[in-house]
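Numbers restart at 1 for each chain; the letters A, B, ... are given by sequence-line order, proteins then strands.
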Number of protein chains: 2
Amino acid sequence: MDGGRAMPGDAPRRLDAEARRERILAAAICYFAEVGFGGTTRDLARRAGMTQALLYRYFASKQELQEAVFERVFLGRLDPAWETELRDRAVPLHDRLCRFYRQYTAAIFTYEWMRIFMWAGLAGEALNRRYLTHVADRLLAPLRDEIAAAGTHRAPEMEDIWALHGAIVYAGIRRHIYHLPVPDDPAPAIERAVACFLAALRLPDPPAAS
Amino acid sequence: MDGGRAMPGDAPRRLDAEARRERILAAAICYFAEVGFGGTTRDLARRAGMTQALLYRYFASKQELQEAVFERVFLGRLDPAWETELRDRAVPLHDRLCRFYRQYTAAIFTYEWMRIFMWAGLAGEALNRRYLTHVADRLLAPLRDEIAAAGTHRAPEMEDIWALHGAIVYAGIRRHIYHLPVPDDPAPAIERAVACFLAALRLPDPPAAS
DNA sequence: GGATTTGTTGATCATCTGATCAATCGAAAG
DNA sequence: CTTTCGATTGATCAGATGATCAACAAATCC
């Protein structure tokens, strides 16, 4: 059957340096996302279909491989255009928020991103705080400003913006961390969460009772 | 200086079985919450101020200790009375929701609960799915029924209830997993999230634009 | 005081884990 | 075909880790 040539989906025994490094990195992202950074280099190598020793030809240490995983997974996921678009008052606020959260969730609602971010957070990596601080300053704060400028009777506090954020992001956590059933397309839920949030802010006062 | 007697906050060298077991369990909860279940029995023993070998007199294996931690942290945290109170239509809906989420967050917004729950979730423990399924069936579903019965123009979907849940719970994640600054008292944020949620449901239609 | 029970320890074992290196293998160049 | 260079491997090392056990020590009982 096998003439010795590599099958289409199969790996040739020998790869040039760049392709091998890529293969290791891809396997590491998948593996560490699943088991966390406590996973062993031997398990990782087995799943990547190569020897454990080979990992160390392309990454000086497990720590360095872990950092390469962080860089690949997190770097460049946040598009600077989002901030600009959030501030574009030619577009209705509701649409701006929906559009932003559709793009944001498209970027981070993946098995790898969600889980590696959570593993890193629990492990106390500074990365998470930096990332979320950036999100707060560059995205949520402008978002709050836009809501405040949209003529509602009171400006929401940052905690309220975080609540909207949590309402949307928690779906990704339920799905990828807890493995609970969640709709494939987050767009409808985003739509309703944003509409709910904005609608409430336009009310003159919280309801008295019942 | 030291006459041989144990100092007030100090541990006597010798404890009766029950007290020792308690000490180990308390230290294990604190330790595993911080570093996860990949932490070592030697580190744990050092922090608990005893020998590593001693752990194995009270727990047959690390696995058994881990299960004891789960039981202590998660068992009996959900009060069955909450469901009853959620259904008590003598109380205004807004107040019922706020009261429930104040009690719920009081139960789970601790460093230990939040982190051990997240470690367990990432590790794929069945515990998390069981727990959240219980929350969904026994608390969020009734909560949805009550909202539907409160005369709003449309009944929210379960995903909307999960959004409210996420808006509130995400504050605990930000605080205990990501170590971001969050208000000590979650009550005001709960109040606003619930008011926002209910207010929006009473609106005749989502806003047309801007 | 001496014997008995029971909590505690240091030493130790088998295995696992990150990391290293000389030996091998494969493809391209001459 | 032979040489050469670089990718790949098996063997191996030192330290860490879960678990065990005989020896020790502090209460308790006679």
Side-chain angles (χ1 to χ4, degrees), chain A residues 2-7 10-32 34-70 119-120 123 125, chain B residues 2-7 10-32 34-70 119-120 123 125:
Chain A
D2 186 358
R5 278 271 161 204
M7 303 290 285
D10 206 3
R13 308 203 188 298
R14 241 177 127 85
L15 295 176
D16 61 295
E18 198 177 351
R20 177 65 68 183
R21 194 188 150 92
E22 200 55 35
R23 222 165 235 275
I24 294 174
L25 189 49
I29 289 172
C30 178
Y31 176 68
F32 287 140
E34 182 177 332
V35 309
F37 295 102
T40 71
T41 54
R42 278 177 176 79
D43 260 7
L44 166 58
R46 193 175 312 128
R47 281 170 56 150
M50 62 189 76
T51 324
Q52 181 238 6
L54 191 56
L55 302 180
Y56 287 89
R57 184 169 181 85
Y58 298 91
F59 298 92
S61 66
K62 189 184 172 184
Q63 178 65 29
E64 194 182 296
L65 175 55
Q66 177 174 332
E67 278 155 20
V69 166
F70 282 155
W119 284 117
E125 297 283 342
Chain B
D2 185 359
R5 277 272 162 203
M7 302 292 285
D10 206 4
R13 308 203 188 295
R14 237 178 129 86
L15 295 175
D16 61 295
E18 199 177 351
R20 176 65 68 182
R21 194 187 149 92
E22 201 55 36
R23 221 165 235 273
I24 294 174
L25 189 50
I29 289 173
C30 177
Y31 176 68
F32 287 140
E34 181 177 331
V35 307
F37 295 102
T40 71
T41 54
R42 279 177 174 79
D43 259 8
L44 166 58
R46 193 175 311 127
R47 283 225 215 168
M50 61 190 76
T51 324
Q52 181 237 7
L54 191 56
L55 301 179
Y56 287 88
R57 183 168 183 87
Y58 298 91
F59 298 92
S61 64
K62 189 184 171 183
Q63 178 65 29
E64 195 181 297
L65 176 54
Q66 178 176 331
E67 278 155 20
V69 166
F70 282 155
W119 285 117
E125 297 283 340

Student: When you match Thr51(A) and Gln63(B) each to their closest nucleotide on DNA chain D, which lands nearer the 5' end?
Tutor: Thr51(A)

Student: Decide if the gap between the ring center of Phe70(A) and the ring center of Phe32(A) is smaller than 6.0 angstrom.
Tutor: no

Student: Taking atom P of dG7(C) as reference, at what distance in whole Å does atom CZ of Arg21(B) sit?
Tutor: 13 Å

Student: Taking atom P of dC21(C) as reference, at what distance in whole Å does atom CD of Gln52(A) sit?
Tutor: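 So the two atoms are 14 Å apart, to the nearest Å.
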
Student: Over all heavy atoms of both residues, which pair between Ser61(B) and Tyr56(B) is shortest? Give the atoms and the distance, please.
Tutor: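 In this case the closest contact between Ser61(B) and Tyr56(B) is CA-CE2, 4.0 Å.
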
Student: Could you tell me the separation between the CG atom of Asp43(B) and the C1' atom of dG18(D), rounded to a whole number of Å?
Tutor: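 So the CG-C1' distance, Asp43(B) to dG18(D), works out to 14 Å.
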
Student: Just the rounded figure in Å: distance from C1' of dT17(C) to OH of Tyr31(A).
Tutor: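 Rounding to the nearest Å, OH of Tyr31(A) and C1' of dT17(C) are 11 Å apart.
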
Student: As an exercise, state the distance from CZ of Arg42(A) to CZ of Arg46(A), rounded to the nearest 0.5 Å.
Tutor: 9.0 Å

Student: Looking at every heavy atom in both Lys62(B) and Phe37(B), which two are closest together, and how far apart are they?
Tutor: NZ-O, 3.0 Å

Student: Going through the distances and angles, do Tyr31(A) and Thr40(A) end up as a side-chain contact (heavy atoms from CB on, under 4.5 Å)?
Tutor: CA-CA 10 Å; Tyr31(A) 176 68; Thr40(A) 71; 4.0 Å; yes

Student: Quickly work out the Arg14(B) CZ to dG7(C) P distance and round it to whole Å.
Tutor: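 In whole Å, dG7(C) P and Arg14(B) CZ are 7 Å from each other.
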
Student: Which one of Met50(B), Arg21(B), Arg23(B) satisfies the side chain to side chain contact (heavy atoms under 4.5 Å, CB included) criterion with Leu15(B)?
Tutor: Arg23(B)

Student: Taking the side chain as C-beta and beyond, is there a heavy-atom pair between Leu65(A) and Thr41(A) under 4.5 Å?
Tutor: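 Heavy-atom side-chain distance check fails, nothing below 4.5 Å.
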
Student: Using a 4.0 Å cut-off on heavy atoms, which residues in residues 53-62 of chain B reach DNA chain C? List them by number, or say none.
Tutor: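 The stretch gives Ala53(B), Leu54(B), Arg57(B), Tyr58(B) as the residues lying under 4.0 Å from the strand, ordered by number.
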
Student: Which atom names give the shortest non-hydrogen contact between Glu34(B) and Trp119(B), and what distance separates them?
Tutor: O-CZ2, 3.8 Å

Student: Tell me the interatomic distance from Asp16(B), atom CG, to dT5(C), atom C1', rounded to whole angstroms.
Tutor: 15 Å

Student: What is the distance, to the nearest angstrom, from the CG atom on Leu44(A) to the C1' atom on dG18(C)?
Tutor: 13 Å

Student: When you get a sec, tell me which of dT8(C), dT9(C), dG18(D) is the closest nucleotide to the side chain of Leu15(B)?
Tutor: dT8(C)

Student: For Leu55(A) and Ala45(A), which heavy atoms make the closest approach, and how far apart are they?
Tutor: CD1-CB, 4.2 Å

Student: Looking at the side chain of Met50(A), which of dT6(C), dA19(D), dT9(D) is the nearest nucleotide?
Tutor: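 The answer is dT9(D), which lies nearest to the side chain.
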
Student: Whole Å only: how far is the CD atom of Glu18(A) from the P atom of dG6(D)?
Tutor: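 Interatomic distance, CD of Glu18(A) to P of dG6(D): 17 Å.
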
Student: Under 4.0 Å from any atom of DNA chain D, heavy atoms only: list the residues of residues 34-42 of chain B that qualify, in numerical order.
Tutor: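 Within residues 34-42 of chain B, the residues near DNA chain D are Gly39(B), Thr40(B), Thr41(B), Arg42(B).
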
Student: Under 3.5 Å, is there an N or O donor on one side and an acceptor on the other linking the side chain of Arg20(B) and the base of dT8(C)?
Tutor: no

